[in-house]
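Worth saying up front: this structure is predicted, and the values here are computed from it rather than measured. Here, residue 1 is the first one in the sequence, and each next residue gets the next number. Note that ligands are numbered from 1 as they come in the structure, with each ligand's atoms numbered from 1 the same way.
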Amino acid sequence: MRICRELLCRTFSHRVTPCLPVTGKPAAGGWSPAQRGSFCSSSEDGKPQPSMLKHLSSKIRATGPISVSEYMREVLTNPVTGYYVRRNMLGADGDFITSPEISQVFGELLGVWVVSEWMGAARPKRLQLVELGPGKGSLVADILRVFTQLRSVVGGASVSVHLVEVSPTLSRVQAQTLTGNRSQTASSEDDPVYRRGETAAGFPVSWYRRLEDVPAAFSIFVAHEFFDALPIHKFQRTEKGWREVLVDIHPADPDRLRFVIAPTPTLASSTLVQAGERRSHVEVCAEGGVVVQQLARRIQEEGGAALIADYGHDGTKTDTFRGFKGHRLHDVLEAPGSADLTADVDFSFLRRMAGGGVACLGPVSQRTFLQNMGIDARMQVLLRSCSDPSSRQQLLSSYDLLTSASRMGERFFFFCLLHHSRLAAPRPPHGLKLEKKNPVQLPVAGFTELRF
Ligand code: SAH
């Protein structure tokens with residue numbers, strides 16, 4: 001594909017990448033009994049914060065054990081004490097590191113994907129680039145650099161950037177990455193756009209708390225390590241049928257939490273477990289299902305595509321709920337709010353939720369996706385132009401981290417939603433157009449091998 005070749009032969013300036021202590025997030029080790037929690041926590045600025053454990057305990061005392069989904073939502077996104085809301089957790093000195101933070105090449109290749117899907121949709125005049133859960137803003141910055149480099153290709157389109165981010169702390173980091181000091185917060189809390197800015201290259205950027213608030217228009221959506229942060233329900237098969245797993249206060253110690261099984265069916269256990277389910281334990285991310293339904297409807301009605309990348313499975317795994325703190329596995333019930341909570345994404349569930357209104361491709365492994373996108377050729381170009389031994393070493397180790405099977409290459413997967421027209425066979429020419437060449441359908445980059 002011409003556009004890929006053009007991009008891969010360029011040498012972009014490198015952004016500084018931190019040292020890389022980890023290989024993404026390790027796999028789940030199963031539940032372990034809760035440890036002692038703490039009643040006081042402090043924020044990044046060192047000020048004491050109301051304790052998440054205290055908040056959860058009063059909630060449980062008032063209404064009884066809560067679902068794992070409610071627990072996860074409170075711990076991660078509670079507006080005052082939520083883990084994501086208060087912290088910048090990404091990077092070598094945070095709790096985990098993600099592919100866009102490991103190498104700019106990752107974001108550049110996703111940028112090529114976005115441009116090629118825009119081209120595959122017959123180059124609409126207006127393009128909204130929407131990212132769900134943008135972290136530090138590195139991925140979208142790398143994608144936009146590709147747009148700038150490929151101005152000759154994308155230049156005709158009016159491009160705007162839309163970020164769906166629940167965390168005010170991270171939105172500030174994103175604004176700094178993307179706009180320097182060219183951003184402003186909304187004067188009213190009710191404004192669905194809570195921050196606006198402009199990049200140095202002139203792309204307008206808007207921040208929203210919810211996908212619903214992003215304007216309806218042709219959009220390419222990107223969600224990297226977003227779905228794994230959405231709350232899951234947990235269900236256990238019992239002799240009496242499916243029962244929901246709940247979180248309760250430990251009877252022996254009010255400072256500890258523990259898992260319990262609901263004695264009777266809950267609304268969630270009656271509606272979310274599929275008939276004929278064969279596993280004995282399942283996790284269902286109902287919120288992720290709703291987001292995918294919204295993406296599918298938007299793509300069906302307005303055109304566009306969504307690229308979802310995360311660790312996950314195709315409806316086969318059971319217990320994947322786990323915590324991360326300082327790049328190590330952390331008990332999910334210990335010191336809630338101090339560690340990231342996550343669960344593998346069930347791509348078969350996302351595919352089901354997307355429905356028949358859009359086409360789904362994948363999941364394919366990160367290694368396959370990046371290799372199909374031309375990471376090997378891109379690395380060769382970068383290595384040829386890099387003589388400094390430590391930079392060369394960093395390029396090679398980031399390549400290994402992103403693609404090797406034992407590290408992120410076979411743990412992360414790419415999945416996409418496309419408008420049906422994208423995969424439809426071109427209509428055979430007829431009538432007066434007979435002599436015209438039949439338009440060639442562009443392959444979907446990353447999901448099919450591209451030849452250079
Ligand atoms: N995509 C980034 C960051 C992944 S961490 C990367 O790969 O580096 C998860 C991101 O999703 C964070 O930015 C977090 O604040 C955001 N997030 C988590 N739950 C969210 C929700 N319910 N709505 C919007 N953003 C959310």
Side-chain angles (χ1 to χ4, degrees), residues 15 17-18 20 22 24-25 44 69-79 81-92 94-104 106-107 109-110 129-143 161-178 192-195 206-214 221-232 285-292 294-295 306-312 323-324 327 337 339-343 345 366 398 401-402 408 411-414:
R15 65 170 155 85
T17 309
L20 312 167
V22 287
K25 297 180 187 177
E44 276 197 315
S69 175
E70 191 173 354
Y71 175 76
M72 206 171 160
R73 184 178 307 108
E74 281 297 317
V75 169
L76 294 182
T77 58
N78 176 290
T81 47
Y83 171 79
Y84 281 117
V85 173
R86 287 200 293 124
R87 292 162 180 266
N88 175 2
M89 70 299 292
L90 283 149
D95 292 323
F96 58 94
I97 195 158
T98 58
S99 296
E101 302 301 326
I102 287 167
S103 168
Q104 69 181 65
F106 184 86
L109 294 176
L110 266 60
L129 172 62
V130 185
E131 186 177 3
L132 308 180
K136 287 185 167 181
S138 311
L139 176 57
V140 78
D142 292 339
I143 293 175
V161 180
H162 305 263
L163 303 178
V164 179
E165 174 56 75
V166 76
S167 163
T169 307
L170 284 176
S171 80
R172 280 193 293 276
V173 177
Q174 293 149 17
Q176 188 57 40
T177 307
L178 294 168
V193 182
Y194 67 86
R195 185 187 282 276
S206 311
W207 279 261
Y208 312 79
R209 291 176 194 89
R210 306 167 326 149
L211 174 59
E212 293 91 294
D213 296 328
V214 175
F221 301 89
V222 176
H224 182 263
E225 288 215 38
F226 169 74
F227 280 87
D228 72 273
L230 299 181
I232 50 150
C285 181
E287 216 166 283
V290 171
V291 173
V292 161
Q294 287 178 20
L295 294 176
L307 186 63
I308 297 172
D310 228 306
Y311 39 76
F324 285 94
H327 301 272
D340 183 33
L341 298 182
T342 174
V345 172
Q366 172 157 312
S398 64
L401 193 45
L402 293 177
M408 294 168 116
R411 283 206 206 137
F412 282 77
F413 296 90
F414 281 73

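Within 4.0 Å of ligand 1, counting heavy atoms only, the contacting residues are Thr77, Tyr84, Leu90, Thr98, Pro100, Glu131, Gly133, Pro134, Gly135, Val164, Glu165, Val166, Ser167, Leu170, His224, Glu225, Phe226, Leu230.
No donor-acceptor pair under 3.5 Å is formed between the side chain of Asp228 and the backbone N or O of Thr342. Without hydrogens or angle criteria, Ser206 side chain to Val193 main chain gives no donor-acceptor distance under 3.5 Å.
In this structure, OH on Tyr83 lies 3.5 Å from CG on Asp95, to the nearest 0.5 angstrom.
Aromatic ring pairs are classed by plane angle as parallel below 30°, tilted from 30° to 60° and perpendicular above 60°; the pair Phe106 and Phe414 is tilted.
Partners of Gln174 by side-chain hydrogen bond (donor to acceptor under 3.5 Å, both in side chains), not counting sequence neighbours, listed by chain and number: Glu165, Trp207.
Remark: of the listed residues Leu132, Asp213, Val291, Leu132 is the sole one forming a side-chain contact (heavy atoms from CB on, under 4.5 Å) with Val164.
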